[in-house]
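The structure appears right after this line, and notes come after that.
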Amino acid sequence: MIRNILFIVVLFIFTGCFTKHPHLKTVNSVNINKYLGTWYEIARYEHFFEKGCKNVTANYSLNEDNSLKVVNKCTKIDTNKKSSATGIAYATNESNSKLKVSFFRPFYGDYWVLMLDDSYKYAVIGTPSREYLWILSRTPKLDKNITNKILEKLPKLGFATNKLIWTIQE
């Protein structure tokens, strides 16, 4: 009887260690200096902190301690009111492809670079939980062929393309 209970407890512990998503691969390397500057949001998964936003941008700059300063801006669709949020980010691996970002310290979230153009013209950012996803571009519009290439790859990474909200960029 005790052996059966012990077996069930061990089985429960080990099954709890597995996630419903396969391992999420990031890009091999991110040159932080090339990543700095303004990115336009092309699409995202909807979340409360960006709900009803258009003209969304994220600007990355280097702090004195080599962490990243992140300034996200948006305009509310219904009121045209502009808002911004300032956060901090830091790399958690040598390749700089996995970052932790916080706008509400001390709480940090994952920011993983899943796709990145060789010329840093577009990037796809996500989280291992598949709860967050952003398609970013250096310009307010992204070429349709590039968009289609990204959309083709997302399901293979475990991201549903039908959940994307396409950001209005004016």
Side-chain angles (χ1 to χ4, degrees), residues 21-47 49-50 53-75 82-105 107-170:
H21 301 291
H23 172 74
L24 186 58
K25 187 171 172 18
T26 60
V27 298
N28 291 331
S29 178
V30 177
N31 179 326
I32 292 296
N33 289 321
K34 287 184 179 181
Y35 200 83
L36 299 177
T38 299
W39 291 88
Y40 294 86
E41 181 184 270
I42 302 302
R44 68 176 179 271
Y45 279 4
E46 188 74 285
H47 288 285
F49 48 86
E50 284 187 277
C53 280
K54 65 179 180 179
N55 301 327
V56 180
T57 61
N59 184 276
Y60 300 88
S61 59
L62 213 49
N63 288 318
E64 288 181 16
D65 65 357
N66 285 329
S67 64
L68 291 172
K69 178 181 178 182
V70 184
V71 179
N72 287 348
K73 294 181 180 180
C74 91
T75 304
K82 296 179 188 313
S83 65
S84 68
T86 301
I88 189 169
Y90 64 90
T92 62
N93 64 352
E94 297 266 333
S95 70
N96 297 321
S97 63
K98 295 179 181 179
L99 292 95
K100 289 287 188 181
V101 178
S102 178
F103 290 93
F104 314 102
R105 284 176 283 292
F107 305 104
Y108 282 80
D110 291 315
Y111 182 102
W112 287 18
V113 183
L114 308 177
M115 294 179 219
L116 181 61
D117 176 61
D118 291 338
S119 301
Y120 288 66
K121 292 181 180 177
Y122 70 86
V124 177
I125 311 303
T127 60
S129 68
R130 282 33 174 217
E131 187 177 342
Y132 297 95
L133 181 71
W134 293 271
I135 300 173
L136 305 175
S137 173
R138 291 294 189 175
T139 58
K141 305 284 183 213
L142 190 57
D143 179 86
K144 190 75 165 160
N145 292 329
I146 294 171
T147 302
N148 288 338
K149 185 171 87 171
I150 292 168
L151 292 176
E152 186 178 298
K153 291 180 181 180
L154 287 176
K156 296 172 189 166
L157 297 174
F159 290 93
T161 57
N162 64 341
K163 290 176 55 178
L164 284 168
I165 303 295
W166 296 92
T167 306
I168 299 166
Q169 291 287 358
E170 300 170 320

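FYI, side chains are in, hydrogens and waters are out, and symmetry mates aren't considered; it's all heavy atoms of this structure. It should be emphasised that the depicted structure is a prediction, and the values quoted were computed from it without experimental measurement. Numbers here are sequence positions counted from 1.
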Those residues at least two apart in sequence (or on a different chain) that pass side chain to side chain donor-acceptor pair (under 3.5 Å) with S137 are T139
Residues that E170 engages under salt bridge (charged side-chain N to carboxylate O under 4.0 Å, His left out), provided they are two or more places apart: K54
Sorted by chain and residue number, the ring pair (Phe, Tyr, Trp, His ring centres under 6.0 Å) partners of Y108 (sequence neighbours excluded) come out as Y90
Holding to side-chain contact (heavy atoms from CB on, under 4.5 Å), I want the full list of residues that pass it with K149, two or more places apart in sequence or in another chain. Y122, K153
Those residues at least two apart in sequence (or on a different chain) that pass side-chain contact (heavy atoms from CB on, under 4.5 Å) with A89 are L68, V70, L99, V101
By side-chain contact (heavy atoms from CB on, under 4.5 Å), A85 pairs with (sequence neighbours left out) F103
Not counting sequence neighbours, list each pair that qualifies as a ring-ring contact (aromatic ring centres under 6.0 Å, His included) and has a residue in residues 133-154. Y132-W134
Okay, side chain of N63, backbone of D65: is any donor-acceptor separation there less than 3.5 Å? no
Report the residues that fulfil side chain to side chain donor-acceptor pair (under 3.5 Å) with T75, sequence neighbours left out, ordered by chain and then residue number. none
Would you find a donor on one side and an acceptor on the other, under 3.5 Å apart, between the side chain of Y120 and the backbone of L36? no
Between C74 and V56, what is the shortest heavy-atom contact and its length? CB-CG2, 3.8 Å
Residue pairs, two or more places apart or on separate chains, that pass salt bridge (Lys or Arg N to Asp or Glu O under 4.0 Å) and touch residues 30-46: E41-R44, R44-E46
Sorted by chain and residue number, the side chain to side chain donor-acceptor pair (under 3.5 Å) partners of D110 (sequence neighbours excluded) come out as K100
For S61, the side-chain contact (heavy atoms from CB on, under 4.5 Å) test, sequence neighbours excluded, returns N59, K69
What are the two closest heavy atoms between R130 and P128, and how far apart are they? NH1-O, 2.7 Å
Can you sort out the partners of Y60 under side chain to side chain donor-acceptor pair (under 3.5 Å), two or more places apart, ordered by chain and number? Y111
